[in-house]
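Position 1 is the first residue of the sequence, and the numbers go up from there.
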Amino acid sequence: QESAGNLRVEYLTASSSSRLPSSLRGGVVSLGKFDGVHRGHAAVLQRVKSHGERLGAPAIAVSFDVPPISILQPELSPISLCTFLRKAELIGELGVEAIVQIRTDADLLKLSANEFFERFFLDKFGVRMLVEGSNFNFGKGREGDVSLLRELCDKNGVALETVPPLVENGREISSSRIRALIRDGNLGTVNEMLTQPYRISGVVVHGDHRGRTLGFPTANLEEIRTILPRPGIYACTCKVGETVYPTATHIGFNPTFSQSVLKVEAYLVGFAGNLYESRLNVDFHARVRDVEKFDSAEKLVEQMNRDVRQVIETVS
């Protein structure tokens, strides 16, 4: 058992005989990827919370430590929208009591839909109620659907509610659509679909210190595990300690200085201090402009000053 903020974290495997602790058994459960924790996910988890309160039962979100597709067809596996810690934080904000991570291994991938239902929902969870999206699939090869799930629930005395996809302006809110919008740099629309602004997390490393010589010392981020917006300058915020700083973030190459290595550089407006080796969370709010090549460092600095003013105006 661990914790992520105020959220309990439990881990289970298909092969072991371990079960959830008694305090979490008999709960209201939803199994899903919850990648990015968008508003469609929130609609499902809010029903989990509501039923948990009504029944006096724990409200539990369940996910896989690694998406099965990343093992079965790694070339088709999408880049994540959030880290596990971010996912747990966002799910916790929706009032869910615990998140359970199921280990994705060979034993899990062999389970048929019926076997998965029996081993996890009945044996390991002792589930009282399930809440799932109407397009839910489970078991080997995603063979189980909502129709089979309802049949198994009815047979075993488990309540079931299915929640339709959240549709706005004729289009479904989905993780795949959000990924496409991030790649396009459309962070405004992305954030309308998420429960919190889109975030990347990276470790601050030493760069070439050129930003400092230009008057804009930047934090160079590496070890980013989630999808990046397309190259450009973005209006962001970054919290260090208890202070939230307006942040101008550059993603891409630096053509003015003939650099061909893609970098992620964050300039925290008003911050003074050492961030090296720390992990920085950067929340994206809007795209400011494309990456451009300038005739001189002076022209670049003039544009950077304009960028900073726009960032402050955007996030204030």
Side-chain angles (χ1 to χ4, degrees), residues 4-5 35-38 79-90 93 175 178-179 181-212 214-254 261-291 303-316:
D35 190 18
V37 192
H38 57 62
I79 301 174
S80 297
L81 292 173
C82 63
T83 63
F84 171 69
L85 286 178
R86 177 63 166 166
K87 179 193 295 188
E89 175 187 353
L90 294 173
E93 289 176 357
S175 296
I178 290 169
R179 281 190 196 90
L181 288 164
I182 291 172
R183 288 194 179 97
D184 194 44
N186 193 341
L187 275 301
T189 302
V190 165
N191 288 344
E192 290 175 1
M193 298 183 187
L194 298 175
T195 58
Q196 292 290 336
Y198 182 67
R199 171 178 293 180
I200 65 169
S201 178
V203 175
V204 181
V205 300
H206 287 277
D208 54 23
H209 302 286
R210 181 172 283 113
R212 188 176 302 277
L214 297 175
F216 298 90
T218 59
N220 292 265
L221 302 182
E222 292 186 358
E223 299 182 29
I224 299 169
R225 310 299 185 197
T226 52
I227 190 169
L228 285 175
R230 72 182 176 96
I233 311 300
Y234 291 87
C236 304
T237 50
C238 183
K239 186 175 182 180
V240 179
E242 295 303 314
T243 304
V244 177
Y245 295 91
T247 302
T249 302
H250 167 272
I251 297 175
F253 312 109
N254 195 330
V261 177
L262 189 143
K263 293 183 177 181
V264 179
E265 303 168 290
Y267 171 60
L268 283 62
V269 182
F271 175 80
N274 185 356
L275 295 170
Y276 292 120
E277 308 306 324
S278 64
R279 182 164 287 277
L280 211 58
N281 298 320
V282 180
D283 292 340
F284 284 70
H285 299 276
R287 183 178 176 84
V288 174
R289 63 173 175 87
D290 291 336
V291 175
Q303 182 59 55
M304 292 169 72
N305 278 305
R306 289 192 289 269
D307 294 339
V308 167
R309 288 195 293 271
Q310 185 171 341
V311 167
I312 294 171
E313 182 180 337
T314 300
V315 302
S316 297

Ignoring hydrogens, what is the shortest heavy-atom contact between [X] and [Y]? Give both atom names and the distance.
X	Y	answer
Asp184	Arg230	O-NE, 2.8 Å
Gly252	Pro231	CA-CB, 4.1 Å
Ile79	Arg225	CG2-O, 3.9 Å
Gly36	Leu194	O-CD2, 3.6 Å

Of Gln310, Arg309, Gln303, the residue whose pairing with Asp307 passes side chain to side chain donor-acceptor pair (under 3.5 Å) |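 In the set Gln310, Arg309, Gln303, the residue that makes a side chain to side chain donor-acceptor pair (under 3.5 Å) with Asp307 is Gln303.
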
Could you check if a side-chain atom of [X] sits within less than 4.5 angstrom of a side-chain atom of [Y], using non-hydrogen atoms only?
X	Y	value
Thr189	Met193	yes
Phe271	Val269	no
Asp283	Cys238	no
Val204	Asn274	no
Leu268	Val240	yes
Val37	Leu81	no
Cys236	Val315	no
His250	Val291	yes

Kindly compute the distance separating [atom1] ([X]) from [atom2] ([Y]), expressed to the nearest 0.5 Å.
X	Y	atom1	atom2	result
Thr237	Lys239	OG1	NZ	10.5 Å
Thr249	Arg287	OG1	CZ	12.5 Å
Leu280	Ser201	CG	OG	8.0 Å
Leu187	Tyr198	CG	OH	8.5 Å
Leu221	Lys263	CG	NZ	12.0 Å
Arg183	Ile178	CZ	CD1	12.5 Å

Yes or no on side-chain hydrogen bond (donor to acceptor under 3.5 Å, both in side chains) for Thr195 and His38, after CA distance, side-chain angles and deciding distance?
-> CA-CA 6 Å; Thr195 58; His38 57 62; over 6 Å; no

For Glu223, salt bridge (charged side-chain N to carboxylate O under 4.0 Å, His left out) partners two or more places apart |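 Salt bridge (charged side-chain N to carboxylate O under 4.0 Å, His left out) check on Glu223 returns Arg279.
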
Donor-acceptor pair, Thr247 side chain versus Tyr245 backbone, under 3.5 Å?
-> yes

Where the side chain of Thr83 meets the backbone of Arg86, is there a donor-acceptor pair that is under 3.5 Å apart?
-> yes

Just do the side chain to side chain contact (heavy atoms under 4.5 Å, CB included) check on Thr314 and Ile312 with the steps written out, would you?
-> CA-CA 5 Å; Thr314 300; Ile312 294 171; over 6 Å; no

For the pair Tyr234 and Phe284, name the ring-plane relationship: parallel under 30°, tilted 30 to 60°, perpendicular over 60°.
-> perpendicular

Begin from the C-alpha positions of Arg179 and Asp35 and carry the test salt bridge (Lys or Arg N to Asp or Glu O under 4.0 Å) through to its verdict.
-> CA-CA 10 Å; Arg179 281 190 196 90; Asp35 190 18; 2.5 Å; yes

